[in-house]
Protein chains: 2
Amino acid sequence: MRRVSINPADPRSPAEQIADDLRTEITSGELPPGGRLPSERQLADRYRVSTTTAVRAMERLRDEGLIDSKAGAGRFVRRPRQLVRVGSDRYARWRRSAGKAPFQAEMEAAGVEWRQEVLELAEVPADEEVARWLAVEPGALVWVRRRRTWAEGEPTQLADSYYRLDVVADTTIMQEDTGPGGGHARLEEKGYRIIRFREEIRIRMPSNQESRDLHLAGGVPVAELYRVTYSTNDTVVEFFRSVMAGDRHVFSYEFEAPE
Amino acid sequence: MRRVSINPADPRSPAEQIADDLRTEITSGELPPGGRLPSERQLADRYRVSTTTAVRAMERLRDEGLIDSKAGAGRFVRRPRQLVRVGSDRYARWRRSAGKAPFQAEMEAAGVEWRQEVLELAEVPADEEVARWLAVEPGALVWVRRRRTWAEGEPTQLADSYYRLDVVADTTIMQEDTGPGGGHARLEEKGYRIIRFREEIRIRMPSNQESRDLHLAGGVPVAELYRVTYSTNDTVVEFFRSVMAGDRHVFSYEFEAPE
DNA sequence: CAGTGGTCTAGACCACTCA
DNA sequence: GAGTGGTCTAGACCACTGT
């Protein structure tokens with residue numbers, strides 16, 4: 001057994017020293033992606049610290065997103081994630097007329113195997129935020145499509161679309177399959193010309209529920225994306241709210257230099 | 001001393017039960033922002049668990065961004081953060097001609113007290129990424145402006161701008177103060193008409209160094225923003241790389257529906 | 001100076017994995 | 001069945017805070 005010593009003169013705490021050592025091994029490639037780290041007991045032994053301290057060192061790396069743990073099996077260097085690019089041309093009308101919904105277009109352009117799981121289709125009372133954007137009274141009934149999208153067999157996004165009831169009446173937006181081009185195409189067929197989008201992104205750590213639903217590893221943040229879809233006269237025809245796995249997305253925007 | 005019991009039949013672990021109780025007190029407002037949580041010993045006493053378990057419960061809340069700790073003083077409910085809006089019109093030419101750099105314009109529009117701290121102005125060898133974007137050989141010397149921006153007395157962003165040496169020669173981009181309109185205005189004066197921007201956002205947890213530099217509390221993610229500034233003929237005149245505090249920013253974009 | 005958070009010790013038990 | 005991660009106990013010492 002190789003022995004290494006904690007340096008008590010080092011201003012870094014023992015756990016931090018161990019974490020730094022392991023991090024170096026990982027970033028240098030000495031511990032390759034998928035590679036297994038020493039067990040808690042091995043590490044505690046090697047540095048002559050308690051197992052608790054060894055565990056705290058490795059929890060640090062987990063919180064940085066460098067390693068994953070599998071109970072009963074070990075801790076492993078995380079493999080770099082496949083990223084889904086979320087680009088600013090995803091709302092292009094030509095994509096819609098080609099029969100693609102925004103995210104579908106994105107995924108297929110990147111050659112990513114993709115599917116959508118519809119979690120809920122229902123009339124629900126509007127919460128504060130939904131009510132404000134859809135210009136209805138809080139508590140008024142609105143239509144919600146809740147779904148989870150998957151890419152390459154992994155969940156990537158929890159996406160909820162809200163609509164005023166009169167807007168989606170008699171459209172396939174109330175059904176599982178909205179048909180080619182997605183909800184936006186149906187809205188345009190009904191006469192709502194879509195002219196503008198506004199979106200906001202915030203970032204934060206996930207709740208426990210979100211962690212489970214998105215199969216997030218420890219230390220992976222999420223992006224909260226809000227989108228408001230405007231029709232003529234600034235009518236809001238859709239309010240979209242989604243939670244996206246932070247390690248599986250990159251947001252990409254392109255602008256002309258505006259005058 | 002109020003006593004509460006852990007329920008051993010509950011599938012949640014003791015630490016999780018305690019965290020859930022405290023979370024309820026916080027979100028219900030019973031424990032208001034700025035309010036102080038029970039100390040480790042008090043909490044351990046109240047639930048009849050070891051201090052370690054009480055600490056783990058509160059670490060959970062810290063990692064969710066709900067509480068802050070101050071050694072020697074206590075743990076406190078975090079106050080909601082002031083957000084800096086990062087909007088898609090920040091690169092507008094009219095702002096530049098009004099003498100505003102992109103982020104400066106953003107801050108001032110929101111009435112936020114703002115300043116920039118220049119950390120480094122130097123010739124440095126280009127790393128892989130910088131070289132690729134600026135179309136130079138890796139290792140070739142490029143100009144870097146490293147700075148930290150502050151809003152309302154708090155650091156918000158670590159921002160590095162990279163330029164080819166010939167592009168910035170004889171401009172104030174090599175000095176502390178770039179003058180009105182910022183670096184982009186100087187580039188245009190030198191004849192580089194700025195026509196397009198491309199930016200990418202990724203989200204992740206901060207490194208230790210970034211945590212310190214941005215005064216991040218536990219459990220606060222960061223956004224990594226890359227920006228490439230194009231001049232005519234798709235010449236790249238600037239590569240910008242920044243790390244932004246996740247709890248202090250909201251990204252906002254507006255698009256017309258492209259054809 | 002009493003109390004606090006931060007970190008540590010030296011174990012323990014459980015549910016799980018893998019050969 | 002040996003080894004593993006996850007979580008826990010019942011303390012301990014230190015540097016720091018606020019009165």
Side-chain angles (χ1 to χ4, degrees), chain A residues 1 4-20 22 31 34-63 66-78 208 211-212 216-219, chain B residues 1 4-20 22 31 34-63 66-78 208 211-212 216-219:
Chain A
M1 163 64 64
V4 194
S5 266
I6 292 299
N7 176 3
D10 197 312
R12 298 171 303 164
S13 71
E16 206 168 345
Q17 291 179 45
I18 298 172
D20 286 352
L22 290 173
L31 270 169
R36 187 167 155 184
L37 274 74
S39 77
E40 299 171 357
R41 279 92 170 165
Q42 283 169 0
L43 198 62
D45 234 45
R46 178 183 303 176
Y47 282 93
R48 275 160 291 192
V49 295
S50 73
T51 58
T52 311
T53 301
V55 168
R56 303 288 295 212
M58 295 199 283
E59 281 177 348
R60 233 166 243 256
L61 301 178
R62 184 203 55 194
D63 290 349
L66 285 173
I67 66 176
D68 264 335
S69 48
K70 230 165 75 184
R75 290 182 163 89
F76 304 87
V77 179
R78 204 179 283 182
N208 282 348
S211 256
R212 273 192 297 274
L216 295 180
Chain B
M1 162 62 64
V4 195
S5 266
I6 292 299
N7 176 4
D10 197 312
R12 298 173 302 166
S13 71
E16 206 167 342
Q17 290 180 44
I18 298 172
D20 286 353
L22 290 173
L31 269 169
R36 188 168 155 184
L37 275 74
S39 77
E40 299 172 355
R41 280 89 169 166
Q42 282 170 358
L43 198 63
D45 233 46
R46 177 182 304 177
Y47 282 92
R48 274 161 290 192
V49 295
S50 73
T51 59
T52 311
T53 301
V55 168
R56 302 290 294 213
M58 296 199 282
E59 281 177 349
R60 231 167 243 256
L61 301 178
R62 184 203 55 196
D63 290 349
L66 285 173
I67 67 175
D68 265 335
S69 48
K70 230 164 78 185
R75 290 181 163 93
F76 304 87
V77 179
R78 203 179 283 182
N208 281 348
S211 255
R212 272 191 298 274
L216 295 181

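Lettering of chains follows the sequences in order, A, B, ..., and the numbering in each one begins at 1.
Distances shorter than 4.0 Å separate none of the side-chain N or O atoms of Arg48(B) from OP1 or OP2 on dT9(D). OP1 or OP2 of dT4(D) has at least one side-chain nitrogen or oxygen of Ser39(A) nearer than 4.0 Å.
Here dT9(C) presents its P atom at 14 Å from OH of Tyr47(A), a figure rounded to the nearest Å. Ile18(B) places its CD1 atom 11 Å from the C1' atom of dC8(D), with the value rounded to the nearest Å. In this structure, CG of Leu43(A) is placed 13 Å from C1' of dG5(D), rounded to the nearest angstrom. Protein atom CG of Asp63(A) is 14 Å distant from nucleotide atom C1' of dG6(D), rounded to whole Å. Atom CD1 of Ile6(B) and atom P of dT9(D) are 9 Å apart (whole Å). Rounded to an integer number of Å, the gap from CD of Glu40(B) to C1' of dA12(D) is 13 Å.
Among the atoms of the strands shown, none is found under 4.0 Å from any heavy atom of Arg62(A).
A heavy atom closer than 4.0 Å to some atom of DNA chain C occurs in Thr52(A), Thr53(A), these being the qualifying members of residues 52-61 of chain A.
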Anything under 3.5 Å between a protein N or O and an N or O of nucleotides 15-19 of chain C, put it in a table, one pair a line.
unit_1, atom_1, unit_2, atom_2, d
dT17(C), O4', Gly72(A), O, 3.3

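Take Thr53(A) and apply the side-chain hydrogen bond (donor to acceptor under 3.5 Å, both in side chains) test, not counting sequence neighbours, and it matches Ser50(A). Taking Asp68(B) as the reference, Arg78(B) meet the side-chain hydrogen bond (donor to acceptor under 3.5 Å, both in side chains) condition, with sequence neighbours excluded. Ala71(B) is linked by a side chain to side chain contact (heavy atoms under 4.5 Å, CB included) to nothing, counting only residues two or more places apart in sequence or in another chain. For Arg60(A), there are no side-chain hydrogen bond (donor to acceptor under 3.5 Å, both in side chains) partners two or more places apart in sequence or in a different chain.
Along DNA chain D, the nucleotide nearest Ala15(B) and the nucleotide nearest Arg41(B) are compared for position; the residue whose nucleotide lies closer to the 5' end is Ala15(B).
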